[in-house]
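Below is one structure, written out as C-alpha cells; comments come after it.
Note: hydrogens, waters and symmetry copies are ignored here, and every other heavy atom, side chains too, is used. By convention in this document, chain letters (A, B, ...) are assigned in the order of the sequence lines, proteins followed by strands, and residues within each chain are numbered from 1.
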Amino acid sequence: MAKQVRTRFAPSPTGSLHLGGVRTAFFNWLYARQNGGVFVLRIEDTDAERSTEESSKGIIESMKWLGLDWDEGPFYQSQRLDIYFEHLKKLADKGAIYPAFDTPEELEAMREEARRAKKNPIYDRRALRLSKDEVQHRIDSGEEFVWRFKVPDEGYTEIPELLMGTQDEHKILNSTIGDFIITRPGTKDKPGMPLYNFACVVDDALMKITHVFRGMEHLPNTPKQVLMYNAFGYEVPQFIHMPIIMKNNKKMSKRDPDYDPRFPVSILERRDLGYLPEATLNFLALLGWSHPESQELLTTEEILKTFSVDRLNKANPNFDEDKYMHTNAWHLKNKSDAELVALTKPFMEKAGLDLSMYDEKNLERMMAMEKERCHTLAQFPEALSYFFVAPSTYEEKGVEKSFKNENADKILESAASMILGLADSDMVKETIDAKLAAFVEASGIKYGIVGPILRLALTGRTRSPGLHEVIEVLGKTETAARLQSARKFIGSLA
RNA sequence: GUUCCCAUCGUCUAGAGGCCUAGGACAUCGGCCUCUCACGCCGGUAACACGGGUUCGACUCCCGUUGGGAACGCCA
C-alpha cells in the first residue's frame, strides 16, 4: 500500500499572506485533497525579530477565507524549540556540524572579497581550521557562535524534483554549496534559534511530509536540506518547485519599486477589494497549470478533479490583472442573487447604503440587475447607489442630450401620470414593461428618446440597467417623486 | 561574478516528430444584439528567439548562442 500523502504550507508570519503564497498553499492543499492525504499548516516563526502574532492571525484568516482547510496544525516553530535543540545535539555528536565564531562584518568582508575576485562567495571554513582546544576555550568563555553544517567537498547532491530540470532528479555539485549556517548566534548556555534550512527539515521529516510544492526560489536551498535529511537519516520528500509569479518582469512583490497599491499582493486586501476566493484560486491555478481540456473558468471542485503535476508549466508566468478581473466577474455571475446579497452586504454598508430600505426580494432583484455588469463585489454599491439615494444632480451629458430635448418635460409629465395610474398589482417588471411599451406606442415617440429621459430622471445617470426593473424596485411613490423632481429640474433649465 | 532554472501571439497557455495553414483564453480592433451600460454572439490583427545538428520529416529531440528569471543572509 502506498504511503499516505502528506503536504504542508509553511509560511513565515512576517507580513500578510500574498498571492504567490496563496498559490503555493493551494497546490499543496490540492495535492493532499486529491490523494486523500493530509494537509498541514505550519507557521515558521523562528525569526523573533520579524515574526508577529498579527501576521499569523492574518495568514490563518486568509486560509479560512480561501477555504483552504488544514487537517493538522497550525504548528508554531517557536513552540518546538526543544525538538530542534535535540536534533542539533545529534548533529553535533556526529560531527556533522561545527561552531563558527565569525562576526557578520567579517563574513560580509569575505563575501565582498569573493565578489571582487569574481568567485562564488562560499564560506572558506576558517572556523573549521581552529584547533579543538581553542574552540572549546572560546565556547567555555561564553563567546557567541553559530553552527555550520559541514558540506562534503566532493560529489553531487541529488534532489528528488518532479518539475524543474531534466529527468526526475536534479544534481548539484557539492563544492558549490558551502557550509551553511543552521542556527542564529548563541552561547554555551543560551543556544541560538534554529534557522530555516534546519527547522524546516526537522519539521518536514517529523511531520512525515511526502510532497513539497514551493516556489522556485527555494531550489538553491534544496541541496542543503537534502544533505540535512541524510545527516539525520530521514527520508527526503518529493519536491515540486513551481515557477515564480512575475509582475513587471520581476518577482511579484510588495517591495517592487513599481508596486501599484491599486493591485495589492496581499490576499486580504484583495478580499476587501471585492475579489472572490474561488476566482482567486481559479486564476492562480492557471498561472503554471492548465486544464486537460483547456477550460479556464473553473470551480475549485473542478480544479480538484482535474489537477495533475504533469500539467504543470516550468516558465515563470506573468500576473495579468485583466484576466484576474475577468475570472472574478465570471465567478460573480455564477453566484445566486441571494448569495450576492450576503456577499455584497459589507461593501454596501461600508458605502453607507441603508439596506433596510428594501426587503430581501428587492435586494435580490438589484443583484440580478447588476451582476452582469460588476466585476468585483466592491463595484456593487456604486452601481446600485441610486436605489438608496434619490438623484440630486443629473449627469451632464445626459442633461445635454435628453433633458434639453424639445419635449422632455411633456414626456416626463405623461410618464408620471401613467405610472401614478398603475394599480399596485401592476408594479411588476412584466406589466411595467408592457405599459411602457404601450405608452411609447401611444405617444408616438420612440423608445430611444423616452427611455434615456426616464432613466436619467429616475437614476440621475445615463447608464443603468433595465428601466422596468428600476421602476419595479423603486415602487410607485418613489418613481413618481423622482419624475416630479426631474420635471422641476428641466423647468429650471429654461 | 558564481550556481541553478526557463524560452509558442502584448499576456496566460494548448501542443509529448507528421493531426500545425500552430488551437483556446485575456487584452485589443471591427460588427451584431439593444432604451443606455454591460453581458452575449460573430469576425479581425497577433507567436514557435536565433544558429547548428538528429530525422524522410521538427514548435516538438540534442548542442550552442542570445534573451529572461532566481539564488548566492546570523530571512523564509
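Across the protein-nucleic acid pair, A:E49 atom CD and B:A76 atom C1' stand 14 Å apart, rounded to whole Å. Remark: C1' of B:A71 and OH of A:Y123 are 21 Å apart, rounded to the nearest angstrom. Residue A:N197 contributes atom CG, which lies 10 Å from atom P of B:C72 at whole-angstrom precision.
Here, B:A46 and B:C32 have their C1' atoms 23 Å apart, quoted to the whole Å. Comparing the same atom, C1', in B:G43 and in B:G64 gives a spacing of 43 Å after rounding to whole Å. Taking the C1' atoms as reference points, B:C42 lies 22 Å from B:U36, given to the whole Å. Taking atom P on both B:C59 and B:C19, the two are 9 Å apart, rounded to the nearest angstrom. Spacing of C1' atoms, B:C74 relative to B:G68, comes out at 32 Å, to the nearest Å. Separation of the P atoms belonging to B:G18 and B:G57 is 14 Å when rounded to the nearest angstrom. Distance check on atom P: B:A71 versus B:G53 gives 38 Å, rounded to whole Å. Of the P atoms belonging to B:C6 and B:A47, the separation is 26 Å, rounded to the nearest Å.
The nucleotide whose nearest atom lies closest to any side-chain atom of A:N120 is, among B:G1, B:C37, B:C26, B:G1. With distances taken from any side-chain atom of A:T176 to the nucleotides B:C74, B:A38, B:U3, the minimum falls on B:U3. Distance from the side chain of A:P185 is smallest to B:C74 among B:A76, B:C74, B:C4. For A:D320, counting side-chain heavy atoms from C-beta on, the closest listed nucleotide (B:G10, B:U3, B:C35) is B:G10.
Applying the ring pair (Phe, Tyr, Trp, His ring centres under 6.0 Å) definition to pairs two or more places apart or across chains, those involving residues 368-390 of chain A are A:Y358-A:F388. For residues 439-463 of chain A, no pair satisfies salt bridge (Lys or Arg N to Asp or Glu O under 4.0 Å), with sequence neighbours left out. The salt bridge (Lys or Arg N to Asp or Glu O under 4.0 Å) analysis of residues 375-384 of chain A, with sequence neighbours excluded, yields no pairs. Residue pairs that meet the salt bridge (Lys or Arg N to Asp or Glu O under 4.0 Å) test with at least one member in residues 289-298 of chain A, sequence neighbours left out, are A:E296-A:K323.
If you check every strand for non-hydrogen atoms under 4.0 Å, A:P11 touches nothing. Within 4.0 Å (heavy atoms only), A:K371 reaches no atom of the nucleic acid at all. At a threshold of 4.0 angstrom between heavy atoms, the contacts of A:R115 with the nucleic acid are absent. Within the nucleic acid shown, A:K446 has no heavy atom closer than 4.0 Å to any nucleic acid atom. Counting any heavy atom pair closer than 4.0 Å across all strands shown, A:H218 reaches a base atom. Within 4.0 Å (heavy atoms only), A:T46 reaches sugar-phosphate atoms of the nucleic acid but no base atom. Contacts of A:P452 with the nucleic acid, taken as non-hydrogen atoms under 4.0 Å apart, involve only primed sugar atoms and P, OP1 or OP2. A:M246 comes within 4.0 angstrom of sugar-phosphate atoms only, judged by non-hydrogen atoms across all strands, and of no base. When heavy atoms are screened at a 4.0 angstrom cut-off, A:L456 is found touching no nucleic acid atom at all.
A salt bridge links A:E321 and A:R270; the closest N-O separation between the charged side-chain nitrogens and carboxylate oxygens is under 4.0 Å. Taking the charged nitrogens against the carboxylate oxygens, A:D337 and A:K371 do have a contact shorter than 4.0 Å, which makes a salt bridge. Taking 4.0 Å as the cut-off between side-chain N and carboxylate O, A:R487 and A:E413 count as a salt-bridged pair.
The nucleotide B:A7 finds its pairing partner in B:U66, both defining distances of the Watson-Crick or G-U wobble pair being shorter than 3.5 Å. Under the Watson-Crick or G-U wobble criterion, with both distances below 3.5 Å, B:C59 has no partner in any strand shown. Across every strand in view, B:A27 sits unpaired, with no contact that passes the Watson-Crick or G-U test at under 3.5 angstrom.
Relative ring orientation between A:F403 and A:Y394 is described as perpendicular, the plane-to-plane angle rising above 60° on a 0-90° scale split at 30° and 60°. Note on ring orientation: taking the six-membered ring where Trp is involved, the planes of A:F145 and A:W147 are perpendicular (angle over 60°, cut-offs 30° and 60°). Note: A:F239 and A:Y229 have perpendicular aromatic rings, judged against thresholds of 30 and 60 degrees for the angle between ring planes.
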Using nucleotides 46-51 of chain B, report all nitrogen or oxygen pairs with the protein that are shorter than 3.5 Å.
none

Can you give me the N/O atom pairs linking the protein to nucleotides 13-15 of chain B at distances under 3.5 Å, or say none if there are none?
from	atom 1	to	atom 2	distance (Å)
B:U13	OP1	A:G288	N	3.1
B:A14	OP1	A:S290	OG	3.2
B:A14	OP2	A:N313	OD1	3.3
B:A14	O3'	A:R311	NH2	3.4
B:G15	OP1	A:R311	NH1	3.3

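At distances below 3.5 Å, not a single donor-acceptor pair connects side-chain atoms of A:S402 with backbone N or O atoms of A:V399.
The phosphate of B:C6 has OP1 or OP2 within less than 4.0 Å of a side-chain N or O from A:K314. A:R111 has a side-chain polar atom (N or O) that falls below the 4.0 Å cut-off from OP1 or OP2 of B:G73.
Between the base of B:A25 and the side chain of A:K323 there is a donor-acceptor pair shorter than 3.5 Å. Between the base of B:A76 and the side chain of A:N221 there is a donor-acceptor pair shorter than 3.5 Å. With hydrogens and angles left out, the side chain of A:R373 and the base of B:C39 share no donor-acceptor pair within 3.5 Å.
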> Going through the checks in order, is the salt bridge (Lys or Arg N to Asp or Glu O under 4.0 Å) test met by A:R214 and A:E161?
Replying inline: CA-CA 11 Å; A:R214 50 160 45 155; A:E161 168 66 36; over 6 Å; no
